[in-house]
Number of protein chains: 2
Amino acid sequence: MPTSPRAPLSRERILSAALSVADRDGLPALSMRRLGAALGVEAMSLYGHVRDKGDLLDGLVDHVVGMWADPLPDESDWRVVARTTMARAHEVLLARPWACELVAARPTVGRNRLRYAEALQRRMLDAGFSPQLAHHGLHLVDGTIMGFTLQELRRPTLQQLGEEVAAVARGERADEFPAITAVLADSAHDHAAEFALMTELILDGLERLHARETAERRTTDAPS
Amino acid sequence: MPTSPRAPLSRERILSAALSVADRDGLPALSMRRLGAALGVEAMSLYGHVRDKGDLLDGLVDHVVGMWADPLPDESDWRVVARTTMARAHEVLLARPWACELVAARPTVGRNRLRYAEALQRRMLDAGFSPQLAHHGLHLVDGTIMGFTLQELRRPTLQQLGEEVAAVARGERADEFPAITAVLADSAHDHAAEFALMTELILDGLERLHARETAERRTTDAPS
DNA sequence: GGTGTATACTTACAGCGTAAGGGTGCCGTG
DNA sequence: CACGGCACCCTTACGCTGTAAGTATACACC
């Protein structure tokens, strides 16, 4: 067999291997050498297809964004698009804790991010949003995805760090932190339900802003 | 002068030096060796006061949290506490881009975080929130702080990365991304105003959930 | 067959976190 | 005053990181 025994490298193959490594061993374990080893290749060979490690990470970010933004919902109602996108993004990010950290560290705007922003903002403009409000809407949806997912990821590490905090979480410091203790004691916290509730809160809020905006426009445009 | 020419190390001094280094040179530059050098000391000397680099970073996170959570507003209205805390947190995090990244990477719950959570949740419980809703409220406020600040930090790096994206941002791809182009063309984006608007949206939403909750409780408790 | 080009490998360097062990000066006690 | 103990800090070393520079191999085409 004259051909090389291994398939040739490519950006695609590198990115998907990087995704596997990060999924399996976490983000700190994603070094160029380990990634190369996972592909049966030396570290330096990767640099033919990837400018930097930063470039690789940026590619990874957009790849992950594509996981929830692709395929875009074929739906004209901005609420439906926002809702399904938020749910999918939440699911994808929860399954890949390293992705949140990565997006925070490398807030890249890639092709998938562009396509998703375009789709959501177009729906909002079509629904009569002002460009300003469409801008706010995108930020609100995106911010909620990241902010809330980070909240949930914060929780599992709670017990692993800090005896003082763990005592509070076990309800042993009710004197000093009564409210926290009461809240923790009461609620069997359902993350998925909370995220859904907050999604609706966000969408309601946006819709109210939109309604207020159109009301103002009407009184301004036709006051006579 | 028989005493050592340098003041003895302490966790406090180390943390505040780490803060300066991160502020000046960024988070990647915060290595144990550089931090030691900033204190006139070798890297290994730090390990007498800090278990780990992770321990140091956790301390840094809570230190930053303290910057906006301390002193807690002396105010009984949860809305006021939430609003001022969000504004202060936003300001602090925008001035320290590395802090967002750090919180995402090390979602630690420290002493300052506990005190702040306690204060806000107590106000909510006092106002008649159910423990569930107070829990949601804290998550909503925290999530919005992080999510929105991350959004804003994403922007400055937009032009530095990716010629394709930069072209879109300059409005040269109106054919493929009409909505984005329209939105960018129209809005002179005011981040502070957007954050304030979204803060009110959040608070309104929470208040509506609270009102709905009390209405339901009334019909349940006294239906006769 | 010879040459060009793409691809992957090798070597090397500076920097990282930190484990292990070696000094050095203050401090309380005899 | 002398001395043991003990904080504190420094030195050295190891395996890891990203990546710059240079080298070898294997295929495509004239």
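To find a chain, count down the sequence lines: A is the first, B the second, and so on, and within it residues start at 1.
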ask   = Given side chains that start at C-beta, do those of A:His189 and B:His136 come closer than 4.5 Å, heavy atoms only?
value =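 Touching, per the 4.5 Å side-chain cut-off.
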task = Answer whether the closest heavy-atom distance between the side chains of A:Arg79 and A:Leu206 falls below 4.5 Å.
result =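 No - every pair of side-chain heavy atoms lies 4.5 Å or more apart.
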task = Using heavy atoms to find the nearest nucleotide of DNA chain C for A:Ala43 and A:Gly48 separately, return the residue whose nucleotide is more 5′.
result =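 Looking at DNA chain C, the more 5' nearest nucleotide goes with A:Gly48.
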key: Residues which pass ring-ring contact (aromatic ring centres under 6.0 Å, His included) with A:Phe177, listed by chain and number, not counting sequence neighbours   =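 Partners of A:Phe177 by the ring-ring contact (aromatic ring centres under 6.0 Å, His included) criterion come out as none, since no residue qualifies.
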Could you tell me the separation between the [atom1] atom of [X] and the [atom2] atom of [N], rounded to a whole number of Å?
X       : N      : atom1 : atom2 : result
A:His49 : C:dA6  : NE2   : P     : 12 Å
A:Leu39 : C:dC9  : CG    : C1'   : 15 Å
B:Tyr47 : D:dC8  : OH    : P     : 18 Å
B:Asp25 : C:dG15 : CG    : C1'   : 15 Å
B:Glu42 : D:dA7  : CD    : P     : 23 Å
B:Arg51 : C:dG17 : CZ    : P     : 16 Å
B:Asp52 : C:dA19 : CG    : P     : 8 Å

request  = For the residue pair B:Gln121 and B:His135, confirm or rule out a side-chain donor-acceptor distance under 3.5 Å.
outcome  =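 Not at all, the side chains of B:Gln121 and B:His135 share no donor-acceptor pair under 3.5 Å.
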query = Between B:Ser45 and D:dC10, does any side-chain N or O lie under 4.0 Å from OP1 or OP2?
reply =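 Checking B:Ser45 against D:dC10: at least one side-chain N or O falls below 4.0 Å of OP1 or OP2.
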Qualifying residues under side chain to side chain contact (heavy atoms under 4.5 Å, CB included), relative to B:Asp55, sequence neighbours excluded =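 B:Asp55: side chain to side chain contact (heavy atoms under 4.5 Å, CB included) contacts with B:Arg11, B:Val50, B:Arg51, B:Asp52.
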key: Donor-acceptor pair, side chain of B:Glu118 and main chain of A:Ile180, under 3.5 angstrom   =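 It does hold such a pair.
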Could you go over nucleotides 12-17 of chain D and give all protein N or O partners under 3.5 Å, atom names and distances?
unit_1	atom_1	unit_2	atom_2	d
D:dT17	OP1	A:Ser31	OG	2.8

